[in-house]
Amino acid sequence: MAKEHVVKEGAKVRKSTGDRIVDVIIYVALGLIALSTVLPFLYVVAGSFATEKELTEKAFFIIPTQVSLNAYQYAIRTANILRGLKNSIILTILGTVMCMLFSLSFAYPLSKMHFRGRNWIMNLVIVTMLFSGGMIPSYMVINAYGLYDTYWALVLPALINPFNMVIIKKFFTGLPVELDEASYMDGANDLQIFTKVALPLSKPVIASISLFYGVGFWNDYFNSMIYLQTAEKFPIQIQLRSIILLSSTFSDAMMDFYDMNGAPPDKAVKMACTVIATVPVLCIYPFVQKYFTKGVMVGAVKG
């Protein structure tokens with residue numbers, strides 16, 4: 001009888017030379033891709049603290065030779081950027097909570113096989129992914145309902161994103177049917193099953209889709225420019241646009257404010273605005289990173 005070879009648990013499998021070469025190529029390729037995404041952002045951060053001389057003389061750098069805060073001082077003094085940040089935070093939280101509430105409550109019934117007409121409703125949802133009324137009809141509807149110059153003009157039309165709703169629906173479809181049957185036997189109704197069984201198991205998809213909605217509202221510029229008129233309601237993206245437009249003109253009175261490095265260059269101001277608009281989202285991502293990949297992949301594959 002031939003001896004059986006048993007691989008011990010935890011033992012490393014010896015790779016051939018060809019496998020090692022392939023692993024090296026993969027790691028090098030992934031490393032280059034990572035550098036191509038990280039280095040430009042590091043350059044933007046460094047350039048926002050650099051002087052005009054360094055930005056002119058050096059094509060690329062990660063650590064500025066001489067640190068200057070003039071670009072950030074200009075951004076804060078020339079526009080109420082703190083108010084823009086507050087408005088964007090309010091809009092992002094309001095929009096994300098409302099969108100998740102409607103998307104979850106809409107996707108859950110559609111994931112149940114016994115729900116009558118679910119295929120017909122899903123077809124209507126898919127149609128909205130392919131066709132839309134357009135900008136002018138949307139503006140007329142917003143204006144007719146008295147939503148112009150309010151945050152509701154940005155939130156209500158985006159309450160349910162069809163693509164995100166389909167992902168959530170696929171995730172709910174992948175939950176075991178036995179959970180519903182056991183809950184019914186314990187006397188729970190559909191609402192209790194949704195809130196106490198389905199939602200606690202849906203943290204991955206909730207975190208990932210919430211990030212999609214949140215980033216969308218945070219970066220929203222075009223709709224804010226169309227539907228908002230009062231300056232006190234402008235989000236951070238509109239405020240940054242005004243800063244960039246004004247950065248090329250400096251009055252003599254403004255020059256006295258800056259230090260020995262002089263007024264900030266237009267390029268540094270643009271980089272500072274990019275950092276200001278990006279950092280808040282980057283601060284949120286680490287908290288949802290562990291749910292992000294799982295939520296998207298499970299919601300997109302299962303069903």
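When the options Leu159, Ile206, Asn164 are evaluated for a side chain to side chain contact (heavy atoms under 4.5 Å, CB included) with Met100, the one that passes is Ile206.
Nearest heavy-atom pair across Leu228 and Phe234 is O-CE2, 3.7 Å. Here the closest non-hydrogen pair linking Asn161 and Ser103 is N-OG, 4.4 Å. Residues Pro162 and Thr128 approach most closely at CG-OG1, 3.4 Å, considering heavy atoms. Of all heavy-atom pairs between Ala71 and Ala268, the closest is CB-O, 3.7 Å. Counting all heavy atoms, side chain and backbone alike, Trp218 lies closest to Ala277 at NE1-O, 2.8 Å. Residues Lys233 and Asp149 come closest through the heavy atom pair NZ-O, 2.7 Å.
Atom CZ of Phe41 has more than 12 heavy atoms from other residues, nucleotides or ligands within 6.0 Å. By the neighbour-count criterion of 12 heavy atoms within 6.0 Å, atom CE of Met225 is densely surrounded, having more than that number from other residues, nucleotides or ligands. A 6.0 Å sphere centred on CZ of Phe60 holds more than 12 heavy atoms belonging to other residues, nucleotides or ligands. The neighbour count for Leu30 CG, taken as heavy atoms of other residues, nucleotides or ligands under 6.0 Å away, is above 12.
Remark: the backbone N or O of Val45 is paired with a side-chain donor or acceptor of Ser48 at under 3.5 angstrom. Ser111 places no side-chain N or O within donor-acceptor distance of the main-chain N or O of Lys169, the cut-off being under 3.5 Å. Formation of a donor-acceptor pair under 3.5 Å by the Asp220 side chain with backbone atoms of Gly216 is not found in this model. For Ser208 (side chain) and Val205 (main-chain N/O), a donor-acceptor pair under 3.5 Å exists by modelled atom type. With hydrogens and angles disregarded, no donor-acceptor distance shorter than 3.5 Å links the side chain of Ser210 to the backbone of Ala207. For the pair Gln192 (side chain) and Asn189 (backbone), a donor-acceptor distance under 3.5 Å is present. In this structure a side-chain-to-backbone donor-acceptor pair under 3.5 Å is missing from Thr278 to Val275.
Residues Thr65 and Lys58 bring a donor and an acceptor atom of their side chains to less than 3.5 Å of each other. At a cut-off of 3.5 Å, with distance as the only test, no side-chain donor of Thr92 or Tyr213 sits close to an acceptor on the other residue.
Salt bridge Asp190/Lys112: absent, no basic N to carboxylate O contact under 4.0 Å.
In this structure, the side chains of Ile121 and Leu110 come closer than 4.5 Å at one or more pairs of heavy atoms.
Relative ring orientation between Phe194 and Phe172 is described as perpendicular, the plane-to-plane angle rising above 60° on a 0-90° scale split at 30° and 60°.
Taking the centre of each ring, Tyr43 and Phe61 come in below the 6.0 Å mark. When ring centroids are compared, Phe212 and Phe163 stay outside the 6.0 Å threshold.
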